2 protein chains.
Amino acid sequence: MTETLDTLPTPALVLDRAVLRRNLARMSRKVLDAGIDLRPHLKTCKSATIGRQATAPHSGAITVSTLAEARYFAHAGFRDILYGVGIVPSKLPEVAALRRQGTDLHVVTDNTVVAGEIVRHAEASGETFSVFIEIDSGGGRAGLQPGSAAIVEVGRTLRRSNRVSIAGVMTHAGHSYHARSVAEVADVAETERQTVVGAAKLLREAGLPCPRVSAGSTPTATHARSYEGLTEVRPGVYVFMDLDQAGIGACAMGDIAVSVLASVIGHYPHRNQALIDAGALALSKDISAQEFMPDAGYGTLKGFEGLSVQALSQEHGFVAAKGAFPYAALPIGTRVRVLPNHVCITAAGHDRYHVVDSEESDGVTVLDVYDRVNGW
Amino acid sequence: MTETLDTLPTPALVLDRAVLRRNLARMSRKVLDAGIDLRPHLKTCKSATIGRQATAPHSGAITVSTLAEARYFAHAGFRDILYGVGIVPSKLPEVAALRRQGTDLHVVTDNTVVAGEIVRHAEASGETFSVFIEIDSGGGRAGLQPGSAAIVEVGRTLRRSNRVSIAGVMTHAGHSYHARSVAEVADVAETERQTVVGAAKLLREAGLPCPRVSAGSTPTATHARSYEGLTEVRPGVYVFMDLDQAGIGACAMGDIAVSVLASVIGHYPHRNQALIDAGALALSKDISAQEFMPDAGYGTLKGFEGLSVQALSQEHGFVAAKGAFPYAALPIGTRVRVLPNHVCITAAGHDRYHVVDSEESDGVTVLDVYDRVNGW
């Protein structure tokens, strides 16, 4: 049976393929123009179908955030995968197993002790590893401080074994999500670039190899003034975009490709609200977009100006209106589409995308279903 | 191979069976003493194994929050299931299908239009339905206002078809989660009880049947002064408990049965922090507990006073210390257990429980794996 947005069980994750394609093309063009590689962070989409589309004009390299993603994408044929979360020794056997099966799976560290453990494991097991050294370009999450002696120290430690190669240096300017203007994003992008290019220089001056110089978030990849010295960028959320990205100017509202389909399940005129059947599990409790879009709530209703999800319980969403609630336009049972506050987290509550197309089709017929890999 | 908390891939959801059993026994005793039925809300555990344990001393009736849970628990042999989120007409065919297969699946409404649709659907299809009328006892989510004429109106509408039965009245005092003391919880519980007993009285005085009178959250079921007139309570989170419940005094810290196992993946002495490999997807972005436990963050570290997860990105948790960070006790690779801020939402990021037992076993050997039903 052909499903449509009027027949799908709710809540459900909906992907507009036309918007996705535009988002993919825009970023690809930018990165191709810069003459570098795109290694998209597939933690956002967790979908092999989308990963193949995103990498088609590029080398096929990707980034993932879990070993479950690494297994899934390796199985789907991806051969150059960066697992972007700091490695711990207990995960090395699984990394080695995937490498043995033909996937060049790179790991990340910012720590000399871990670098030593990788070397020890490689020598003891006969396995090989490929390691990115992570640098903190101001985001304050993982990474070595720019210019610190530890950068070369980690590099030298890794090279104690011929079984371990330095894949390069990488950074992620997560603070670009909090920049207050496009100009400020561009400044963060420039610091990100200089930080990681500087780290590569340190390694090379110490006689160590540094083939890859990897940076990039969606905002910085979008607004960077220069890519000089970088070999690749790793944006993730650009494939779908969300209210958070719209809030910081990284996209327009029309660039948001994913929404959560929900049904109106109750009317509460005494408090000017309605309830929908998408709650904390279908939308997530992420409120990132509220930093720049105070009314974003947990998502806004596509096509209904001023309507947003202002509170959540597990399976209930509280929809509030800025003016009088348009009950006549939204009788119980009506389908609405909630634009996600932070799409990476919202999408993770769902195991598949129901694919529509607002350009080549009527926009409501479900043309395809893409799977996702959740969990660890 | 026997897994232990030292060998499990991280992040992973861990359940202490001994604590679970104590929590189940405590609530069962209370409800048996009150002489009423326990219809646990299994949206928290989403596990048939736990559901069977929770209902063993009672009738076997349960509550669920999604049709996916209804299908799963029906398949597991549960025969009396309340789907506790306001029904919409498009979901009636699936409800009917489960009822036809022998499950007494009850639905909920607070709306005359929906009641009319249920009647219309029953008459048109020849199916039967059983409906709870929802009352708002002050939580301000779903439900008709206490004493309103609409209560009897919905009841009369349902009885227009002999194929539709009134299962009873139900309410959920969600605002008990925001009460500032045990006495205040007891006050909320009393209002909850009077509200739903009052609604039952209205129906009965109008000559309508009202076999079930259903109330209860974990705090109100725990601290109610009276259960008079109720036939059942529907607590959910009591099976696991969490920092939120500890914060409002519904449990002690030792009653928290679930934790997220994570590995330390980085040390950042310049900001007195470490990173773990449990982020927004493994812990959730729910911050309910912060209302009464401002330092709870996104979870606190079991066995480490003053350590909590103060920020999250998708797969990174930022662990901060109140005093000097105990790096020596937590080298990279160390396993830690994060107590959940709000366990219903945290658990929903995982597809299984790794079961340990702190009383009958060493507390670290994984003795069993329980599945969960996620999604819709």
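Below, chains carry the letters A, B, ... as their sequence lines are ordered, and counting in each starts from 1. Quantities reported herein were computed from a predicted structural model and do not represent experimental measurements.
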**Report entry** Atom group of A:Pro9 that falls short of 4.5 Å from chain B, counting heavy atoms
**Finding:** neither

Query raised in the report: Atom CG in B:Leu144, atom NE2 in A:His270: separation rounded to 0.5 Å?
Result: 9.5 Å

Query raised in the report: Which bit of B:Thr109 is near chain A, if near means a heavy-atom gap under 4.5 Å: side chain, backbone, both or neither?
Result: neither

**Report entry** Engaged part of A:Thr7 at the chain B interface, taking heavy atoms whose separation is under 4.5 Å
**Finding:** neither

Query raised in the report: Measuring heavy-atom distances to chain B, does A:Ser65 have an atom under 4.5 Å in its side chain, in its backbone, in both, or in neither?
Result: both

Query - Check: B:Val113 and A:Ile332 side chains under 4.5 Å, non-hydrogen atoms - result: no

Query raised in the report: What part of A:Ser288 lies closer than 4.5 angstrom to a heavy atom of chain B: side chain, backbone, both or neither?
Result: side chain

Query raised in the report: A:Ala280 versus chain B, heavy atoms under 4.5 Å apart: side chain, backbone, both or neither?
Result: side chain

Query raised in the report: Is it the side chain or the backbone of A:Arg335 that comes within 4.5 Å of chain B heavy atoms, both, or neither?
Result: side chain

Query - Contact origin within B:Gln145 toward chain A - heavy atom pairs under 4.5 Å - result: side chain

Query - Under 4.5 Å from a heavy atom of chain A, the part of B:Ile345 involved - result: both

**Report entry** Heavy-atom proximity to chain A below 4.5 Å, by part of B:Val85
**Finding:** both

**Report entry** Under 4.5 Å from a heavy atom of chain B, the part of A:Glu94 involved
**Finding:** neither

Query raised in the report: Would a 4.5 Å heavy-atom cut-off, applied to side chains only, mark A:Leu281 and B:Trp376 as touching?
Result: yes

Query raised in the report: Side chain, backbone, both or neither: which part of B:Arg271 has a non-hydrogen atom closer than 4.5 Å to chain A?
Result: side chain

Query raised in the report: Where does A:Asp6 contact chain B at under 4.5 Å (heavy atoms): side chain, backbone, both or neither?
Result: neither

**Report entry** Side chain / backbone / both / neither for B:Asn111 at chain A, heavy atoms under 4.5 Å
**Finding:** side chain

Query raised in the report: At a heavy-atom separation under 4.5 Å, does A:Ala282 approach chain B through its side chain, its backbone, both, or neither?
Result: both

Query raised in the report: Considering the options A:Lys43, A:His172, A:Arg141, which one meets the side-chain contact (heavy atoms from CB on, under 4.5 Å) requirement together with B:Ser313?
Result: A:Arg141

Query raised in the report: Going by atom types alone, do B:Tyr268 and A:Asp136 pair a side-chain donor with an acceptor below 3.5 Å?
Result: no

